[in-house]
Amino acid sequence: MSAYFDHNATTPLDPRVLEAMLPFFIERHGNPSSAHGHGRAAREAVEKARRQIAELLSASPEEVMFTSSGTEANNAVIYSVAEACGHSGHIVFAALEHPSIRQAAERVAQGGMELTELDPDARGVVGVESVESALRHDTRLVCLMQANNELGTLQPVAEVASMCRRRGIPVLCDAVQAVGKVRVDVQALGVDYLCLGGHKFHGPPGIAALWVRSGAPMGSLLVGASQERGLRASTENVPAVVGLGEAAELARLELDDRHRRLSALRDRFEGQLKDLPEAVVHCADVERLPHTSHVALLGVSGHQLMLWLDQQGFAVSTGSACHSGKPQPSRTLLRMGVSEPEALASLRISFGLTNSDDEVDRLVEALRRGVVILKDEVSVVS
Ligand SMILES: Cc1ncc(COP(=O)(O)O)c(C=O)c1O
């Protein structure tokens, strides 16, 4: 297997999480809505996981609901707010939000809501002043992620939320990339909605959680029976919920140690890039996630380099999407003013707890070789 440097895409399940989940597939199976012993045990397991997540976020368990994904959580908040205000009014969101925010906002705009999309500055951060100047008397929601998935930049969520709170405007914070990497405290952030997703911090895929401040508008995407206090019909995925709870507890207990280990890997990597003249590390001077490095290798196609590294045994990501075989530059980079050639030359390296110093050193060595080989190819073609 290749050395894996794409932990913002997904992380491996922690074996301790798997161990916690396994009994709930067979011996301890049960439907939490059943009144018999199997059901009651499953209900207890779900409520324990809810408490574990609440503790990670400094929240009350009653304010935590389970969803299938970060995407579902983000969609659910935007659709609920739109419904609560009769599909009229205004939503503000940052251009660097995940598509599950942007596209949900675009969908409610088709129903009559108005949108303002805010560009990040050249450092990959959305300014508090730019949010303030976008607010209107009819603004119903502001969406600002805690940490960006491509660049890793941390956003001024607490400042924005405190400004919005004074005006009675709720704030949705997508913390999918932040949880397990930096402290996420809903009270300190002062937001109204916050989501996290299991597979980004060594929990299982297909399970996520949404924290909703008591009293904030919230409806249901799925209707049917009355699970999750009527907010999300469908039988709970008990093993996954248990895994999410365990991953949350481990993240809470190990946060400082993980932060130290991950930032050491990133700093080792970026330190060695200093003598590679083609390398430009994006957003190096702002507060970032400890494990995310976004780098342009000037003169080389990031997409080609990613494919070449894959052949050499390294899994990394490009920020670009590939449509009809043609790589497209990252929207986020363009919106912060990075040129198209530089955006197309970019790679995202996201480190994880199982990466070693040796893997990092080998990745840098491979990058050096890849840049030489692919630059030559570019000059032969041109
Ligand atoms: C910032 C952010 N929000 C939301 C999501 C969507 O999460 P999920 O994969 O659980 O739908 C992602 C996934 O990459 C993400 O990075």
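First listed ligand is number 1; within each ligand, the first listed atom is number 1.
Ligand 1 has no atom lying under 4.0 Å from any heavy atom of Glu72. Distances from ligand 1 to the non-hydrogen atoms of Lys200 include at least one value under 4.0 Å.
Looking at atom 8 (P) of ligand 1, its nearest protein heavy atom turns out to be Gly70 N, 3.6 Å. In this structure, the protein non-hydrogen atom closest to atom 16 (O) of ligand 1 is Gln177 NE2, 2.9 Å.
Leu57 approaches Val179 most closely through the heavy-atom pair CD2-CG2, 4.4 Å.
When non-hydrogen atoms are compared, ligand 1 lies under 4.0 Å from the backbone of Thr71 as well as from its side chain.
Ring orientation note: the planes of His38 and His29 are tilted relative to one another, at an angle of 30° to 60°.
Ion pairing between a basic and an acidic side chain is recognised when a charged N comes within 4.0 Å of a carboxylate O; Arg16 and Glu19 show no such pairing.
Counting the atoms of ligand 1 from 1 in the order shown, those under 4.0 Å from a heavy atom of Met145 are 1 (C). Every atom of ligand 1 with a heavy atom of Asn149 under 4.0 Å away is listed here by number and element: 1 (C), 16 (O).
Among Phe5, Phe351, Phe314, the one residue that satisfies the ring pair (Phe, Tyr, Trp, His ring centres under 6.0 Å) test with Phe269 is Phe351.
Side-chain contact between Ser317 and Leu347: absent, with no pair of heavy atoms (C-beta onward) separated by less than 4.5 Å.
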